[in-house]
Amino acid sequence: MSQETKSTDFIRQIIDHDLSIGKNQGRVHTRFPPEPNGYLHIGHAKSICLNFGIAADYGGKCNLRFDDTNPETEETEYVEGIMDDVRWLGFEWDGEVKYASDIFDQLYEFALKLIRDGKAYVCDLTAAEVGQYRGPWSEPGQDSPYRNRSVEENLDLFERMKNGEFPDGSRTLRAKIDMAASNMNLRDPAMYRIRHAHHHRTGDKWCIYPTYDWTHGQTDSLEGITHSICTLEFEQHRPLYDWFVENLGIHHPQQIEFARLNLTNTVMSKRRLLELVRGGNVAGWDDPRMPTIVGLRRRGYTPESIRNFCARIGVTKANSLTEYGVLEQEIREHLNKTATRVMAVLDPLRVVIENYPAGEFENREFINNPEDPEAGTRQVPFGRELFIERSDFMENPPKGYFRLVPGGEVRLRYGYFIKCNEVIKDPQTGEVVELRCTYDPETSGGKAPDGRKVKGTIHWVSANHAVDAEVRLYEALLLDPPENPSPERDWKEDLNPNSLVVVKGAKLEPVLATATMSDRYQFERLGYFCLDKSATESQLVFNRTVTLKDSWAKEQKKNA
RNA sequence: UGCCCCGUAGUGUAAUGGUAGCACAACAGAUUUUGGUUCUGUUUGUCUAGGUUCGAAUCCUAGCGGGGUAACCA
């Protein structure tokens with residue numbers, strides 16, 4: 001089992017300090033607060049591991065809360081998906097799932113209090129007008145002409161907003177803070193907007209909805225959150241959240257911001273992911289090329305590998321771009337220790353062993369996982385006719401090639417040495433269609449009693465026993481961008497045309513006919529693979545999770 | 001143009017006033033019945049300039065660079 005790195009970071013250091021001065025009576029309570037308007041991706045996993053991880057490390061609690069303040073974009077489908085993803089990653093939230101909409105009534109009461117205290121007012125300006133009054137950041141804004149309405153008028157207007165007397169967008173409730181503030185968020189931000197919209201949980205009860213800025217800090221406060229961990233773009237909102245809880249006189253959670261995850265060769269924004277799904281560039285949110293949790297899961301990533309990845313990349317306030325290879329290395333590391341080794345031939349080339357009797361077969365013993373002695377062994381059928389990988393034979397090999405060549409000898413993994421005597425070609429195309437070989441019965445198990453060495457070992461499957469399968473080979477979703485991309489360049493130009501290559505006629509070792517979704521395999525010398533959810537009893541389908549490192553391929557590429 | 005945040009090997013991070021480490025990548029070698037794994041070694045770094053200090057990646061100032069920010073999105 002791979003060791004999950006015990007991590008420390010600036011956030012944990014802040015918590016250590018808070019604990020040392022007795023803040024929050026020693027409580028540590030975090031939360032993961034997604035908006036249910038899409039599926040979670042690897043960037044969310046970073047936040048999940050952080051928040052749930054901190055709760056676990058400190059014996060605290062972590063809530064799952066849906067920030068569902070915008071009824072127009074949110075759906076129950078996403079709520080279900082997100083809960084499933086969090087659990088799959090290996091975390092369990094404290095108590096019931098929470099929703100921002102749980103406190104819509106309380107929020108309304110809070111708003112009333114601010115109005116009565118002369119700290120909030122109903123404004124009739126349009127959205128465009130509000131923007132103009134707010135002004136540019138280089139100069140102070142102008143007060144709204146409605147800023148000094150009486151408490152009574154504000155109370156009356158706000159109630160009528162709630163009662164649905166006004167059309168969408170016609171009025172807002174605004175906090176009365178400071179139109180000259182250098183921080184734009186303090187220039188009388190909107191607290192409520194009018195939307196006659198159906199909400200996924202409250203239905204048609206409300207026609208005014210609280211803004212995120214007005215809601216977020218209060219939900220944290222009411223849930224007793226001690227440390228509100230969020231991404232960097234909310235940093236300038238912190239003074240506003242502080243203003244709300246202080247003027248309401250309620251518990252004051254401490255907000256701490258960290259840098260979101262960026263990964264090379266993929267996209268992370270919900271907008272772009274949605275664009276890929278809607279544009280048909282991928283098969284859906286769970287397409288194995290997607291950096292979504294469901295996508296990675298279908299691709300064959302394990303929860304451990306994702307958690308290890310999140311620990312590995314650390315947490316800071318510095319903007320960063322993590323190389324995709326780091327994620328790949330994590331899954332290799334986990335699967336190397338746990339995956340069953342099997343043989344699969346993706347691009348089959350027939351081999352006939354002329355001195356092996358036709359119609360006879362034997363079993364060869366295979367080690368299931370050399371990294372795990374407990375995994376044991378299994379029997380694999382061997383016979384006169386085999387398939388080997390087409391790339392494991394070359395008529396005119398380059399220097400350093402030590403697989404099968406005409407007149408050369410190679411070891412069949414856990415089998416025998418074979419020697420290639422004749423190359424049969426299609427008379428029309430010249431394509432190699434079959435190899436006539438002989439085997440050395442003395443080399444059973446792959447060892448030569450005379451001590452002669454064979455450099456290459458290749459994988460194979462018995463032609464009589466092989467099962468057919470479709471195998472899907474995945475590469476990065478995006479190619480490396482050009483050195484100096486122009487600003488107008490469409491990010492979709494970088495989509496990798498080879499991100500999915502479907503191999504139809506793969507020949508697999510018979511044991512794979514009984515593969516299940518939870519099995520993880522290493523197809524020896526090729527990579528790690530798992531059964532795809534689209535597989536049926538008559539049609540096996542495997543996904544390549546990640547390739548094995550391949551120093552030969554790397555060298556070839558370098559020389560090319 | 002204001003304000004805020006951030007600058008440590010190619011990448012991601014550690015060191016919190018006292019020897020600049022680690023991981024990934026790269027490169028070289030050993031081992032190997034997976035050109036995998038494992039092991040060994042090598043290359044590469046504190047944005048710049050001042051200041052404080054016996055001593056600065058760390059504290060201060062300025063500059064430079066990157067990011068964020070002017071929804072009735074979150």
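In what follows, chains carry the letters A, B, and so on, assigned in the order in which the sequence lines appear, proteins first and then strands, with residues in each chain numbered from 1.
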Hey, which of these two, R341(A) or V315(A), hits RNA chain B nearer its 5' end, going by closest nucleotide? V315(A)

Any donor-acceptor pair under 3.5 Å from D188(A) side chain to I177(A) backbone: yes

Any donor-acceptor N/O pair under 3.5 Å between G35(B) base and R403(A) side chain: yes

Residues N265(A) and D480(A): side-chain donor-acceptor under 3.5 angstrom: yes

Could you tell me whether the phosphate oxygens of U11(B), OP1 or OP2, come under 4.0 Å of any side-chain nitrogen or oxygen in T322(A)? no

Is there a Watson-Crick or G-U wobble partner for A23(B) with both distances under 3.5 Å, and if so, which one is it? U11(B)

Should the pair R193(A) and Y209(A) be classed as cation-pi, given the thresholds of under 6.0 Å to the six-membered ring centre and 45° from the axis? no

Watson-Crick or G-U counterpart of C59(B), or none if no pair lies under 3.5 Å: G51(B)

Per atom distances to the E371(A) side chain, the nearest of C3(B), A74(B), U37(B) is U37(B)

Does G36(B) have OP1 or OP2 under 4.0 Å away from a side-chain N or O of S551(A)? yes

Counting side-chain heavy atoms from CB outward, which of A74(B), U37(B), A14(B) is closest to N336(A)? U37(B)

Can you confirm whether more than 12 heavy atoms, excluding those of Q142(A), are under 6.0 Å from its CD atom? no

What string of B, S and - do you get for nucleotides 15-25 of chain B 5' to 3' if you count protein non-hydrogen atoms under 4.0 Å? SB------SSS

Hunt down the Watson-Crick or G-U wobble partner of U38(B), both distances under 3.5 Å, from any strand shown, or write none. A30(B)

Answer with base, sugar-phosphate or nothing: what part of the nucleic acid does G141(A) contact at a heavy-atom distance below 4.0 Å? nothing

Sole residue of L114(A), L240(A), T69(A), L173(A) in side chain to side chain contact (heavy atoms under 4.5 Å, CB included) with W214(A): L114(A)

Show your working on side-chain hydrogen bond (donor to acceptor under 3.5 Å, both in side chains) between N183(A) and Q236(A) and close with a plain yes or no. CA-CA 7 Å; N183(A) 182 341; Q236(A) 303 92 307; over 6 Å; no

Applying a 4.0 Å non-hydrogen cut-off, can you work out what K558(A) is touching in the nucleic acid: base, sugar-phosphate, or nothing? sugar-phosphate

Does G35(B) have its OP1 or OP2 closer than 4.0 Å to a side-chain nitrogen or oxygen of R525(A)? yes

Could you tell me whether the side chains of Y241(A) and D213(A) share a donor-acceptor contact shorter than 3.5 Å? yes

Base, sugar-phosphate, or nothing for P370(A), non-hydrogen atoms under 4.0 angstrom? base

Which label fits Y416(A) and F382(A): parallel for a plane angle under 30°, tilted from 30 to 60°, or perpendicular past 60°? tilted

Answer yes or no: is there a donor N or O on one side and an acceptor on the other, between the side chain of H334(A) and the main chain of I331(A), under 3.5 Å? no

What does nucleotides 66-73 of chain B look like as a protein-contact string, B for base, S for sugar-phosphate only, - for none, at under 4.0 angstrom between heavy atoms? BSBBB-BS

